[in-house]
2 protein chains.
Amino acid sequence: MENQTQNAFRALADPTRRDIVQMLALQDMTIAQLTDRFNMTRAAVKKHLTVLSDGGLIAVEARGRERINRLEPKGMAPVLDWLSYFDQFWDERLNSLKEAVERKSK
Amino acid sequence: MENQTQNAFRALADPTRRDIVQMLALQDMTIAQLTDRFNMTRAAVKKHLTVLSDGGLIAVEARGRERINRLEPKGMAPVLDWLSYFDQFWDERLNSLKEAVERKSK
DNA sequence: TTAATGTGAAACCAAATGGTATCTCTTTAG
DNA sequence: CTAAAGAGATACCATTTGGTTTCACATTAA
């Protein structure tokens, strides 16, 4: 999807999508399971998942008729990269943070 | 503007606004100075600055007929807070980062 | 095999978003 | 004083966004 920084920031701009990210941080979930936790239709949740996927923040694994959505930690890297570029005064600490993300995602 | 986390994430979701943040990280600027660097009208830049202000990421200081826009580092705190809540595995490093922000903004 | 379950996709809608042009107001320069 | 410079505000516009309803398709259960 080309511009990962933009897609990642855009994915995080919506509160529902940030909630989804937090839920998926606790456990992998199907669309139906996520929909149970929101006051909106499955189609709406699906759209949010597509945006999150474009942002590289989640990955989908097919299991029979189910699709397991799981968090993709390395998708956060462009966001952290941008934060680090934007300002030098917290940079060593942010570099450590980026290393942690890289370790986790391999 | 109530929900700082949402306002900050929303402010960062637009590429022009992220560019503005980067420019203001280098030096304080007026709207006219910022407008010189973009291919859009002053009114459009002004709208972006309003969104950034709502997100707590910039502050405006009146100087005569000019308005000096400057970066407000502590506005990034809700973003970093959210990132740290969302996932534990990089948490000590993120906490260090948050402390750095707090030091810088006082 | 048939029915139920899980998902995807398309058409549609209201509201938000990012931009413009235009007018006004305040402050500074001549 | 008058004109120019810097900025704010409003009305307007096209596109995007976040949601819905509806239909189709694949997989599993009875």
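Quick note on labels: first sequence line is chain A, next is B, and so on, each numbered from 1.
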Exercise for the section: Classify the nucleic acid contact of A:R17 as base, sugar-phosphate or nothing, counting any heavy atom under 4.0 Å across all strands shown. Expected result: sugar-phosphate

Report all interatomic pairs (protein N or O, nucleotide N or O of nucleotides 8-10 of chain C) with separations under 3.5 Å.
{"unit_1": "C:dG8", "atom_1": "N7", "unit_2": "A:R42", "atom_2": "NH1", "d": "3.1"}
{"unit_1": "C:dG8", "atom_1": "O6", "unit_2": "A:R42", "atom_2": "NH2", "d": "3.2"}

Practice task
Please check if the side chain of A:R70 supplies one atom and the backbone of A:A59 the other of a donor-acceptor pair under 3.5 Å.
Solution key: no

Handout entry: A:L49 with A:V51, same ILVMFWY side-chain cluster at under 4.5 Å
Key = no

Handout entry: Distance test, side-chain N/O of A:T41 to OP1/OP2 of D:dT20, below 4.0 Å
Key = yes

Problem - Side-chain (A:Q33) to main-chain (A:T30) donor-acceptor, under 3.5 angstrom - result: yes

Fill in the blank from the handout: Rounded to whole Å, CE of A:M40 lies from P of D:dT17 at a distance of 16 Å

Exercise for the section: Describe the nucleic acid contact of B:A44 in one word from base, sugar-phosphate, nothing, applying a heavy-atom distance below 4.0 Å. Expected result: base

Handout entry: Check: A:I20 and A:L34 side chains under 4.5 Å, non-hydrogen atoms
Key = yes

Exercise for the section: Quickly work out the B:D28 CG to D:dG6 P distance and round it to whole Å. Expected result: 17 Å

Handout entry: Euclidean distance, atom CG of residue A:D36 to atom P of C:dT5 [Å, nearest integer]
Key = 13 Å

Problem - Whole-Å distance separating the CD atom of A:Q33 from the P atom of C:dG6 - result: 9 Å

Problem - A:H48 side-chain N/O to D:dT17 phosphate OP1/OP2 under 4.0 Å - result: no

Practice task
Look at B:T30 and D:dG6 and indicate whether a side-chain polar atom (N or O) is within less than 4.0 Å of OP1 or OP2.
Solution key: no

Exercise for the section: Spell out, as yes or no, whether a donor-acceptor pair under 3.5 Å connects the side chain of A:Q4 to the backbone of A:M76. Expected result: no

Handout entry: Separation of C:dG6 P from A:R65 CZ (nearest whole Å)
Key = 6 Å

Handout entry: Atom-pair distance (CG on A:N39; P on D:dG18), nearest Å
Key = 17 Å

Practice task
Let me know the distance between CG of B:L52 and P of C:dT17, rounded to the nearest Å.
Solution key: 14 Å

Exercise for the section: Send over the distance from A:Q6 CD to C:dT17 P, rounded to a whole Å. Expected result: 14 Å

Problem - C:dG18 OP1/OP2 closer than 4.0 Å to side-chain N/O of B:T16 - result: no

Exercise for the section: Treat each ILVMFWY residue as a node, draw an edge where side-chain heavy atoms are under 4.5 Å apart, and state whether A:I68 and A:V60 are in one component. Expected result: no

Fill in the blank from the handout: With sequence neighbours left out, the residues meeting side chain to side chain donor-acceptor pair (under 3.5 Å) with A:R17 are A:H48

Handout entry: Distance below 4.0 Å between B:R10 side-chain N/O and C:dT17 OP1 or OP2
Key = yes

Exercise for the section: Nearest-nucleotide wise, let me know which of A:A13 and A:G64 is further upstream toward the 5' end of DNA chain D. Expected result: A:A13

